[in-house]
Student: 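One structure is given below, represented as structure tokens, and several questions about it will come after.
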Amino acid sequence: MTRPDRTLRTAADLLAAGLIAPADAAAAAKVGERYAVAVTPAMTALIARGPSGDRAADPIARQFLPDLNELDIRAEERADPIGDEAHSPLTGIVHRYPDRVLLKIVHVCPVYCRFCFRREMVGPGGKGALDEAELSAAIAYVAARPDIFEVILTGGDPFVLSARRVRDVTRALAAIPHVRVIRWHTRVPVVAPERVTADFARALRAPGKAVYVAVHANHAREFTPAAETALARLADAGIALVSQSVLLRGVNDDADTLAALMRAFLANRVKPYYLHHPDMAPGTAHFRLSIAEGQALMRALRGRLSGLAQPTYVLDIPGGEGKVPVGPHYLGAGEVEDWRGARHTYPPAETKD
């Protein structure tokens with residue numbers, strides 16, 4: 001039996017842990033030859049507590065266990081669906097918008113989501129972490145461009161770094177006067193919450209700067225007691241928390257599930273921020289809904305959730321043209337629709353005294 005205290009990385013590991021059936025092992029191994037697999041102990045335990053009879057129906061298992069559908073590559077799918085490479089002036093930097101850059105400091109993750117838009121770049125067989133010279137060059141690039149207001153650390157998952165390394169990077173960025181916002185994107189507080197120690201949370205602080213952590217989760221079940229403790233540790237350290245989720249078929253594609261997810265974020269001091277329409281990453285068609293379906297779900301959230309709990313539904317335009325909101329519209333020619341679907345004249349007709 002595979003030890004429950006280590007990350008599962010192969011079909012044999014998944015089989016030994018009881019997460020896949022013997023009949024599915026060959027397919028899982030085939031997918032694992034193409035795309036990285038990693039399931040942390042926290043997610044192993046969560047999947048094990050789910051419906052064992054049909055893992056495909058379990059929203060947690062569906063996110064992390066390899067599926068033969070991943071080898072169905074569609075013509076419209078792209079290895080770099082949001083065009084990072086087209087906007088990368090040097091290793092580790094993506095400069096798509098004038099006032100902010102991505103700093104892709106690592107290319108590994110504690111887990112590998114089966115819908116990942118960077119799945120061709122991350123994992124043990126992907127690009128490595130930035131070495132000292134590359135990181136220095138990336139920070140120098142930011143320092144030389146006063147229009148850069150915000151630096152977004154991503155990857156991979158930058159929370160796989162040690163607290164010492166996080167502290168060093170934070171200090172280097174905080175020393176740049178025109179960088180006012182440092183944002184980290186991560187899955188770690190949910191999938192490997194034990195990594196978020198008090199020392200790690202302190203390492204993120206940057207006096208005089210605004211530090212944000214964008215936390216990725218897709219289902220309310222991901223908010224285990226350990227995850228909630230990790231999020232509280234970050235919030236109590238003064239770190240502002242926002243969310244990012246992906247709209248996924250079979251995971252969160254109904255209004256009740258989405259509402260529960262957004263409430264779980266908000267209850268844990270994480271402001272719902274982005275709900276991403278799934279990208280055109282290779283082998284992810286089985287996760288994708290239509291934009292019209294996504295808009296209908298967003299419309300269903302209006303009224304049942306407060307404004308604090310409403311994420312922005314966004315699409316990354318394929319090819320690197322940027323992110324745009326694609327939520328439903330409520331204002332038409334001379335009328336506005338309320339949250340119940342009723343239409344009202346706007347501006348209202350004049351009333352006579």
Student: Applying salt bridge (charged side-chain N to carboxylate O under 4.0 Å, His left out), name anything that partners Glu77, two or more places apart in sequence or on another chain.
Tutor: Arg288

Student: Looking at Thr170 and Val166, would you say the former's side chain and the latter's main chain have a donor-acceptor pair under 3.5 Å?
Tutor: yes

Student: So, does Asp67 use its side chain to make a donor-acceptor pair with the main chain of Glu70 at under 3.5 Å?
Tutor: no

Student: By salt bridge (charged side-chain N to carboxylate O under 4.0 Å, His left out), which residues pair with Arg62, not counting sequence neighbours?
Tutor: none

Student: How many angstroms lie between CG in Leu90 and CG in Leu130, if you round to the nearest 0.5 Å?
Tutor: 9.0 Å

Student: Between Met121 and Lys104, is a side-chain contact (heavy atoms from CB on, under 4.5 Å) present by the stated rule, with each step listed?
Tutor: CA-CA 11 Å; Met121 309 170 195; Lys104 298 198 291 186; 4.1 Å; yes

Student: Check Arg180 with Asp99, please: is the shortest side-chain N to carboxylate O separation under 4.0 Å?
Tutor: no

Student: Quick check: closest heavy atoms across Ser243 and Pro272, and the distance to 0.1 Å?
Tutor: OG-CA, 3.1 Å

Student: If we only count heavy atoms from C-beta on, is the Ile182 to Val169 side-chain gap below 4.5 Å?
Tutor: no

Student: Measure the spacing between OG1 of Thr91 and OH of Tyr141 and express it to the nearest 0.5 Å.
Tutor: 12.5 Å

Student: Tell me whether Asp58 is salt-bridged to Arg49, with the criterion being a basic N under 4.0 Å from an acidic carboxylate O.
Tutor: no

Student: OH/Tyr273 to OG1/Thr312 distance, rounded to the nearest 0.5 angstrom?
Tutor: 8.0 Å

Student: Under a single-linkage definition using a 4.5 Å side-chain heavy-atom cutoff for Ile, Leu, Val, Met, Phe, Trp and Tyr, are Val242 and Leu231 assigned to the same hydrophobic cluster?
Tutor: no

Student: Indicate the atoms forming the closest heavy-atom contact of Ile82 with Phe117, along with that distance.
Tutor: CD1-CE1, 3.4 Å

Student: Just by distance, do the side chain of Thr284 and the backbone of Phe287 share a donor-acceptor pair under 3.5 Å?
Tutor: no

Student: For the hydrophobic clusters of this structure (ILVMFWY residues joined by side-chain heavy atoms under 4.5 Å, transitively), does one cluster hold both Ile60 and Leu8?
Tutor: yes

Student: Got more than 12 heavy atoms from elsewhere within 6.0 Å of OH, Tyr346?
Tutor: no

Student: Please determine whether side-chain contact (heavy atoms from CB on, under 4.5 Å) holds for the pair Leu71 and Val31, giving the CA-CA distance in whole Å, both sets of side-chain angles, and the decisive distance to 0.1 Å.
Tutor: CA-CA 7 Å; Leu71 301 182; Val31 174; 4.1 Å; yes

Student: Rounded to the nearest 0.5 Å, what separation is found between the CD1 atom of Ile93 and the CG atom of Leu135?
Tutor: 9.0 Å

Student: Is it true that a side-chain atom of His277 and a backbone atom of Leu289 form a donor plus acceptor pair closer than 3.5 Å?
Tutor: yes

Student: After noting the C-alpha distance and the side-chain angles of Asp168 and Arg164, does the key distance pass the side-chain contact (heavy atoms from CB on, under 4.5 Å) rule?
Tutor: CA-CA 6 Å; Asp168 290 346; Arg164 178 191 62 78; 3.2 Å; yes

Student: Could you check whether any side-chain N or O of Gln310 sits under 3.5 Å from a backbone N or O of Leu305, counting only pairs where one atom can act as donor and the other as acceptor?
Tutor: yes

Student: If you group Ile, Leu, Val, Met, Phe, Trp and Tyr whenever their side-chain heavy atoms sit less than 4.5 Å apart, what else falls in with Met280?
Tutor: none

Student: Roughly how far, to the nearest 0.5 Å, is CZ of Arg114 from OH of Tyr35?
Tutor: 9.5 Å

Student: If we check side chain to side chain contact (heavy atoms under 4.5 Å, CB included) with Pro311, which of these qualifies: His276, Met298, Gln244?
Tutor: Met298

Student: If you take all heavy atoms of Leu297 and Ala255, which pair is closest and at what distance?
Tutor: CD2-N, 3.5 Å

Student: Can you see which heavy atom on Val37 is nearest to which on Pro66, and at what distance?
Tutor: CG2-CG, 4.1 Å

Student: Begin with the C-alpha distance, continue with both residues' side-chain angles, and end with the deciding distance and a verdict on salt bridge (Lys or Arg N to Asp or Glu O under 4.0 Å) for Arg302 and Asp338.
Tutor: CA-CA 9 Å; Arg302 180 64 58 183; Asp338 69 26; over 6 Å; no

Student: Enumerate the salt bridge (charged side-chain N to carboxylate O under 4.0 Å, His left out) contacts for residues 262-285, please, sequence neighbours excluded, ordered by first and then second residue.
Tutor: Asp236-Arg269

Student: Mark yes when over 12 heavy atoms from residues, nucleotides or ligands other than His329 sit less than 6.0 Å from its NE2; otherwise mark no.
Tutor: no

Student: Please confirm whether the backbone N or O of Thr257 pairs with a side-chain atom of Asn252, one donor and one acceptor, at under 3.5 Å?
Tutor: no

Student: Spell out, as yes or no, whether a donor-acceptor pair under 3.5 Å connects the side chain of Arg221 to the backbone of Leu46.
Tutor: yes

Student: Quick check for you: to the nearest 0.5 Å, what is the distance between Ile176 atom CD1 and Ile139 atom CD1?
Tutor: 6.5 Å

Student: Is there a side-chain contact between Glu337 and Arg343, using heavy atoms and a 4.5 Å cut-off?
Tutor: yes

Student: Mind running side-chain contact (heavy atoms from CB on, under 4.5 Å) on Val211 and Arg205 for me, showing each step along the way?
Tutor: CA-CA 7 Å; Val211 179; Arg205 292 174 176 168; 6.0 Å; no

Student: Check salt bridge (charged side-chain N to carboxylate O under 4.0 Å, His left out) between Arg202 and all other residues, then give those that pass, not counting sequence neighbours.
Tutor: Asp199

Student: For the residue pair Arg299 and Pro328, what are the closest heavy atoms and their distance?
Tutor: NH2-CB, 3.4 Å

Student: Without swapping roles, check the side chain of Arg195 against the backbone of Val160 for a donor-acceptor pair under 3.5 Å.
Tutor: yes

Student: Look at the side chain of Thr40 and the backbone N and O of Val191, then say whether any donor-acceptor pair between them is shorter than 3.5 Å.
Tutor: yes

Student: Check whether any side-chain N or O of Asn268 sits under 3.5 Å from a backbone N or O of Val270 as a donor-acceptor pair, and report yes or no.
Tutor: no

Student: Can you confirm whether Glu293 sits close enough to Arg249 that some side-chain heavy atom of one is under 4.5 Å from a side-chain heavy atom of the other?
Tutor: yes

Student: Between Arg118 and Glu85, is there a salt bridge with N-O shorter than 4.0 Å?
Tutor: no

Student: Test of understanding: clusters of I, L, V, M, F, W, Y form through side-chain heavy atoms closer than 4.5 Å, transitively. Do Ile152 and Val179 belong to the same one?
Tutor: no

Student: Any idea which heavy atoms bring Ala201 and Leu234 closest together, and the distance?
Tutor: CB-CD2, 4.1 Å

Student: Excluding sequence neighbours, so at least two apart, what forms salt bridge (charged side-chain N to carboxylate O under 4.0 Å, His left out) with Arg100?
Tutor: none

